[in-house]
Amino acid sequence: MCTKGNGAACLKLADQLQRSDKARAREIYGSTCSQGLVEGCDKFKKLGGDPATVKP
């Protein structure tokens with residue numbers, strides 16, 4: 001997963017993965033959401049994730 005802490009790079013990776021692997025993209029968006037990135041939370045929610053379940 002995207003573990004180096006670069007939220008912007010993780011979002012770009014998830015955007016690319018969204019076409020071929022929505023589950024993995026959702027996982028990465030959840031990770032960026034836990035880092036406090038609102039865009040990550042929004043995209044996580046759009047793919048069926050619940051931002052309230054993400055732990056910071």
Side-chain angles (χ1 to χ4, degrees):
M1 186 152 71
C2 209
T3 59
K4 299 292 183 185
N6 186 336
C10 292
L11 284 173
K12 287 181 182 181
L13 173 62
D15 288 344
Q16 292 297 315
L17 283 172
Q18 192 173 7
R19 295 181 195 121
S20 61
D21 190 348
K22 289 191 188 296
R24 178 117 164 98
R26 182 176 54 242
E27 185 178 333
I28 294 171
Y29 287 138
S31 174
T32 62
C33 182
S34 71
Q35 294 173 24
L37 293 172
V38 174
E39 184 180 356
C41 293
D42 291 343
K43 291 181 177 188
F44 181 63
K45 187 175 180 179
K46 285 180 184 177
L47 289 181
D50 180 3
T53 63
V54 176
K55 296 185 183 190

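Keep in mind that this is a model prediction, so the values were computed, not measured.
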- Query: Just how far is it from atom CZ of R26 to atom CG of D21, taken to the nearest 0.5 Å?
  - Reply: 9.5 Å

- Query: Could you state the interatomic distance from CG (D42) to OH (Y29), rounded to the nearest 0.5 Å?
  - Reply: 11.0 Å

- If you round to the nearest 0.5 Å, how far is CG of N6 from NZ of K12? 9.0 Å

- Note on the structure: Nearest heavy-atom contact between K22 and Q18 is CG-O, 3.3 Å

- Query: How far apart are the closest heavy atoms of I28 and A14, and which atoms are they?
  - Reply: CG2-CB, 3.8 Å

- Matching residue for T32 among L37, V54, V38 - test: side-chain contact (heavy atoms from CB on, under 4.5 Å): L37

- Task: Kindly give the heavy-atom pair with the smallest separation between G40 and L11, and that separation in Å.
- Result: CA-CD2, 3.7 Å

- Message: I need the minimum non-hydrogen distance between D50 and F44, along with the two atoms involved.
- Response: N-CE2, 3.4 Å

- When rounded to the nearest 0.5 angstrom, what distance separates NZ in K45 from NZ in K43? 15.5 Å

- Task: Could you grab the distance from atom CG of L13 to atom CZ of R24, nearest 0.5 Å is fine?
- Result: 6.5 Å

- Task: Quick one: closest heavy-atom pair of L47 and A25, and the distance?
- Result: CD1-CB, 4.1 Å

